[in-house]
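Reminder, nothing fancy here: chain letters follow the sequence lines and each chain counts from 1. Side chains included, hydrogens not; waters and symmetry mates left out as well; all remaining heavy atoms used.
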Number of protein chains: 4
Amino acid sequence: MMIIMRSDATPEQIEVVNKEIISMGLTAHLSEGVERTVIGVVGVGKPIHHNTFLRLPGIDRILPISRPYKLSSREFIPEDSVFPLDGFNIGGKGIVIIAGPCSVESRTQLLDTAFAVREAGAHALRGGAYKPRTSPYSFQGMKVEGLEILAEARQLTGMPVVTEVMAPDMVELVSQYADVLQIGARNMQNYDLLHEAGKSDLPILLKRGLSATVEELLMAAEHIISQGNKRVMLCERGIRTFETATRNTTDINAIPVLKHLTHLPVVLDPSHSTGHWSYVTAVARAGIAAGADGLIIEVHPKPSEALSDGGQSLRPARFAELTTQIEIIAQAIGRSVIQLPEVGQH
Amino acid sequence: MMIIMRSDATPEQIEVVNKEIISMGLTAHLSEGVERTVIGVVGVGKPIHHNTFLRLPGIDRILPISRPYKLSSREFIPEDSVFPLDGFNIGGKGIVIIAGPCSVESRTQLLDTAFAVREAGAHALRGGAYKPRTSPYSFQGMKVEGLEILAEARQLTGMPVVTEVMAPDMVELVSQYADVLQIGARNMQNYDLLHEAGKSDLPILLKRGLSATVEELLMAAEHIISQGNKRVMLCERGIRTFETATRNTTDINAIPVLKHLTHLPVVLDPSHSTGHWSYVTAVARAGIAAGADGLIIEVHPKPSEALSDGGQSLRPARFAELTTQIEIIAQAIGRSVIQLPEVGQH
Amino acid sequence: MMIIMRSDATPEQIEVVNKEIISMGLTAHLSEGVERTVIGVVGVGKPIHHNTFLRLPGIDRILPISRPYKLSSREFIPEDSVFPLDGFNIGGKGIVIIAGPCSVESRTQLLDTAFAVREAGAHALRGGAYKPRTSPYSFQGMKVEGLEILAEARQLTGMPVVTEVMAPDMVELVSQYADVLQIGARNMQNYDLLHEAGKSDLPILLKRGLSATVEELLMAAEHIISQGNKRVMLCERGIRTFETATRNTTDINAIPVLKHLTHLPVVLDPSHSTGHWSYVTAVARAGIAAGADGLIIEVHPKPSEALSDGGQSLRPARFAELTTQIEIIAQAIGRSVIQLPEVGQH
Amino acid sequence: MMIIMRSDATPEQIEVVNKEIISMGLTAHLSEGVERTVIGVVGVGKPIHHNTFLRLPGIDRILPISRPYKLSSREFIPEDSVFPLDGFNIGGKGIVIIAGPCSVESRTQLLDTAFAVREAGAHALRGGAYKPRTSPYSFQGMKVEGLEILAEARQLTGMPVVTEVMAPDMVELVSQYADVLQIGARNMQNYDLLHEAGKSDLPILLKRGLSATVEELLMAAEHIISQGNKRVMLCERGIRTFETATRNTTDINAIPVLKHLTHLPVVLDPSHSTGHWSYVTAVARAGIAAGADGLIIEVHPKPSEALSDGGQSLRPARFAELTTQIEIIAQAIGRSVIQLPEVGQH
């Protein structure tokens with residue numbers, strides 16, 4: 001059972017509820033978010049009586065636990081979550097396209113790519129300044145210098161910036177430059193990082209772990225939301241299976257499944273989910289046809305010279321073709337790609 | 001190396017090639033198809049000289065072995081294979097929709113469904129008379145009686161019939177009633193069955209095994225084609241992964257990958273690949289958006305009463321909505337759903 | 001619910017039960033085995049009353065359906081199944097070792113290997129005459145000639161022969177030469193083949209499919225046993241996972257799980273489950289330590305010249321070391337490797 | 001190519017090497033460990049000449065890159081790594097047994113378990129004070145209070161303590177109480193945490209990620225070792241596959257594979273790799289038979305009352321039986337369980 005305290009509940013009221021739970025031989029798990037406190041009540045082999053609590057002050061509502069995730073479930077919020085990002089909305093009828101290189105490699109590379117993807121219809125810019133790399137001997141990203149280049153691109157193009165944060169103590173720094181914090185697949189169950197992201201006031205792009213179930217992805221979102229940050233986008237980026245023809249297996253089923261289970265926006269990353277640029281367009285189209293709310297795509301002006309993930313990056317011209325196709329697919333299912341004001345007017 | 005004999009090569013010419021191979025210390029593997037003989041040449045640690053063979057009579061061409069499958073590869077035939085089925089083409093610009101119940105359960109059930117799916121735009125009728133079932137105590141299909149009902153439905157609706165054959169010695173019987181022979185996922189590596197199908201003159205719908213790689217699927221097709229039957233459709237029907245939110249994981253990547261590697265038509269079975277009717281429409285759309293040449297979908301007039309797979313079957317009304325959406329998606333990528341002549345005129 | 005008819009039940013008695021089931025609005029699934037008939041009773045949304053049946057003649061007992069497999073479950077037969085094979089028992093305290101080459105390649109190769117593995121302690125000889133191969137252009141086995149060589153090896157060494165049968169219509173032929181029929185991983189759900197094996201009077205070595213769950217393996221065994229043949233050995237041979245460091249992933253958990261769920265003997269094939277000879281010894285030891293009733297191991301006198309699976313075959317000398325280690329591990333858990341009479345006296 | 005600097009190389013010498021690399025148009029990746037600096041040299045499409053570097057001062061040796069992990073590979077260090085832990089060695093002939101509850105739940109629970117596992121032969125005590133939990137509403141561990149209880153148990157029983165650290169900024173705190181830092185499966189690719197662990201002077205128990213390949217596990221170890229901490233134990237704890245009969249699939253193959261590829265000690269956690277107490281003993285035996293250097297096992301005095309993982313915890317009496325069996329298996333392969341001095345004399 002979940003006790004959702006009112007946002008104006010006092011510490012004393014919370015303590016009264018807590019004591020009541022303990023006095024009944026149950027266990028209370030407090031999640032103190034920025035906005036409100038949620039109290040999970042667990043009892044081993046004992047019945048839990050809702051009515052006992054309903055009379056206590058400061059309680060907003062009480063939810064039975066039918067799924068293990070609560071705040072991210074459609075049971076809790078039936079309507080799609082929509083949140084604004086820099087002049088447009090994420091999660092409504094409109095489809096958002098985020099594009100850019102895997103890594104920030106130089107000022108020139110990033111700015112060239114940024115202008116090219118904006119021209120081709122992207123709404124936001126992606127680019128990694130801190131890169132989680134399997135090998136300690138690989139390029140680890142330009143770090144703060146990369147963040148500064150991203151900020152400059154933001155200023156010059158008007159596009160909000162999505163970039164990854166890899167450690168709890170980096171959330172504050174990265175937030176000074178980013179508009180959306182990305183949590184990567186390898187960190188999907190890095191709970192300290194999730195909690196720190198949950199205290200942020202930036203939207204979070206949460207990527208599904210390589211072998212995480214849909215339910216585990218929602219539980220990871222719950223870790224964030226239970227800390228008070230409700231603006232979480234979920235990202236399908238391929239799962240690990242026996243198939244080696246592609247880098248990962250795009251779990252296209254996950255898109256309608258997530259749309260059924262949660263009110264959070266769902267985006268697809270066809271670059272990572274296929275691992276090869278020649279399959280990105282087909283799978284990007286599939287994602288929109290399946291109901292995704294957006295795409296995040298790797299674009300590089302010279303893929304063969306990229307320091308990471310060149311093989312899965314589209315050239316700008318091909319990316320432009322893709323956005324045109326996406327527009328038509330979107331309309332086929334009663335949606336449309338977000339229209340931004342003219343570039344010069346931003 | 002593959003030596004493709006001419007279709008008019010004589011047994012003597014084949015024998016000459018065979019002896020030449022042996023005399024060079026190499027091993028010959030003859031695949032005697034109905035149309036022509038293909039000779040695989042294998043040498044352990046020895047160089048194979050093409051020129052030695054090119055002078056021999058009866059040889060069409062010699063292919064180097066860059067991929068393990070030959071006759072099914074785009075290296076061998078760069079253009080899409082297109083083959084006619086009862087008044088329309090499979091594998092061209094047009095998208096084919098095959099629909100019907102998982103199993104033939106009764107004359108009424110099948111005929112009702114057949115008329116309903118034809119009405120809603122299906123081009124061919126699916127229905128199992130022989131059912132491979134995990135449990136020996138489950139319904140195993142109506143067998144010959146089921147085949148007879150399918151044949152009746154064919155006569156009444158004009159739709160060609162796709163039905164599964166489970167054993168080599170059943171190919172002949174099933175062929176008397178069917179227009180397309182389906183080889184199920186569990187039999188994808190039942191080589192005696194593949195060889196028998198390879199001697200048939202009916203098109204084959206070959207379903208990908210639950211944990212077969214794309215390459216293994218193409219190798220299975222190769223077993224069929226090397227026997228002379230070139231009319232093979234490949235069917236993605238979901239693979240087995242760790243994810244349990246859906247019955248299988250639709251490998252949407254496999255669609256562009258297959259279209260890249262092979263000239264054979266590729267269809268998607270979203271009913272099995274998701275396992276739940278509420279996800280079928282989204283994933284069917286995704287399949288077409290990703291480039292599939294067709295769909296095979298389970299439809300049942302009363303899903304809750306189905307003897308098998310009721311949970312993943314669409315009602316006819318919902319199937320009709322799906323075909324409408326598919327038409328729009330198809331057009332978005334420059335294709336269209338096959339248009340049949342008016343029903344009454346068939 | 002399962003109605004187990006007595007072995008002397010008459011066709012009339014079976015018919016009476018059948019009619020009673022139908023009259024109650026339920027569905028009967030008859031599995032007519034050689035020894036007795038088992039009737040599965042299925043009712044959709046209707047209660048099934050045991051008592052109604054208990055009064056009918058010819059019924060041995062009625063089992064509630066708690067697991068989907070019945071005859072192979074420990075619920076049905078709590079004690080370990082033990083069956084004799086040519087002078088020794090499979091499935092008791094003793095551990096059986098089956099060894100030989102992947103394929104019969106020549107008379108010399110097989111006889112050399114057969115004598116070597118007998119010398120090193122093997123109890124039975126394995127060797128494939130019919131080979132299921134991914135590629136139609138690979139060596140497909142020596143077929144009948146291979147069976148004849150196996151039979152000769154049997155006569156000369158006294159070891160019973162385990163060999164694969166790939167198609168239902170081959171069961172009779174292969175049975176003329178073999179002592180144990182092997183059903184390969186790719187055919188684990190080839191139901192016609194399982195049914196034919198179920199009518200055989202030879203023991204069956206049933207290999208787990210590459211991506212079959214433990215439950216599906218038991219369901220496949222159920223298909224055999226429900227036809228009357230109770231002598232089924234289950235073989236763990238590795239499953240397909242994301243890991244590519246080894247050919248397959250040995251599911252060592254499956255050994256205690258199977259021993260818990262079924263009374264059937266369980267053997268491990270570490271050659272296929274690892275795919276590399278250098279890991280075979282360690283994993284073979286692990287299998288015995290985990291409770292397996294036996295091993296089936298590929299041994300080849302000259303692995304580098306093998307026509308199939310050379311890389312996973314042990315040389316005879318290394319196999320001899322392995323059998324010594326197995327003996328010690330077996331004793332550590334209160335078991336022992338089967339002791340045969342002196343070779344000359346067989 | 002890897003340039004291993006001598007441990008007494010000066011910053012100036014490192015800089016000379018660095019400049020030389022850059023002047024050749026190559027890229028240098030410095031990993032500055034506590035003990036020495038390792039420089040990875042990467043060149044895109046350019047040849048790298050070893051000789052150019054060999055003449056420079058301060059270089060210990062230069063390694064060609066045949067595997068992506070370097071410092072953890074047997075190519076680099078052919079002999080088994082052995083490191084002392086509180087009076088005994090990890091990684092030699094002796095087999096180490098680590099046991100204790102999943103979580104520290106109370107002083108009484110932990111001390112009772114600690115004395116019981118010491119009595120039954122354990123060499124080290126495990127117990128989680130910080131628990132990574134899928135749900136934010138589950139018990140998250142006793143945190144600092146748990147660490148204090150562990151330290152008390154250490155003092156009373158003389159057993160070194162293994163406990164998990166979940167975030168980089170917690171390494172220092174946890175190190176004040178622990179003898180071995182555990183990095184959990186979900187954090188195997190939390191690189192900031194790995195780097196912090198690499199700067200610690202405590203041994204690290206690194207658990208394999210749920211879907212990490214063996215190579216990725218070794219790359220994670222490389223992240224630690226490249227920071228200077230060479231005392232890393234690798235832990236197989238089951239991987240995620242399609243099989244649901246057990247919580248995870250023990251990858252028993254990984255044990256001989258790891259022993260082949262790396263000099264680091266390898267331990268098995270059969271509690272997590274099976275997820276059910278009744279399979280722990282069989283799989284623990286299998287691990288030792290396969291060549292593991294140790295075991296880490298969950299033991300709880302009252303499993304049914306455990307706040308986490310009760311179902312996979314052994315009771316102390318069953319754990320005592322297991323250690324006896326392990327001793328015999330160890331001897332069968334020429335090893336033995338570590339013998340500690342009498343308890344009272346510690």
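- Considering every non-hydrogen atom in both C:Ala290 and D:Ala286, the closest pair reads CB-CB, 4.0 Å.
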Begin from the C-alpha positions of D:Asp251 and C:Thr249 and carry the test side-chain hydrogen bond (donor to acceptor under 3.5 Å, both in side chains) through to its verdict. CA-CA 6 Å; D:Asp251 182 2; C:Thr249 297; 4.7 Å; no
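- Side-chain contact between D:Tyr279 and C:Val257 is present, with at least one heavy-atom pair separated by less than 4.5 Å.
- Of the two parts of D:His276, neither the backbone nor the side chain holds a non-hydrogen atom closer than 4.5 Å to a non-hydrogen atom of chain C.
- Few gaps surround CZ on C:Arg74; more than 12 heavy atoms of other groups in view lie less than 6.0 Å from it.
- For the set D:Thr241, D:Ile333, D:Ile239, the count of heavy-atom pairs under 4.5 angstrom toward chain C peaks at D:Ile239.
- The contact between C:Val214 and chain D is made by backbone and side chain atoms together, counting heavy-atom distances below 4.5 Å.
- Heavy-atom neighbours of C:Lys259 NZ from other residues, nucleotides or ligands within 6.0 Å: above the threshold of 12.
- Heavy-atom minimum distance, C:Ala289 versus D:Ala289: CB-CB, 3.7 Å.
- Contacts of D:Ile288 with chain C are absent, with no heavy-atom separation under 4.5 Å from either backbone or side chain.
- No donor-acceptor pair under 3.5 Å is formed between the side chain of D:Asn253 and the backbone N or O of C:Val283.
- Contacts of D:Thr274 with chain C are made by both backbone and side-chain atoms, with heavy-atom separations under 4.5 Å.
- In terms of heavy atoms, C:Phe242 sits closest to D:Arg240 at CE2-O, 3.6 Å.
- Looking at C:Thr250, both its backbone and its side chain come within 4.5 Å of chain D, counting heavy atoms on both sides.
- In this structure, the portion of D:Ala212 lying under 4.5 Å from any heavy atom of chain C is its backbone and not its side chain.
- Distance CD/D:Glu243 to CD/C:Glu215: 9.0 Å, rounded to 0.5 Å.
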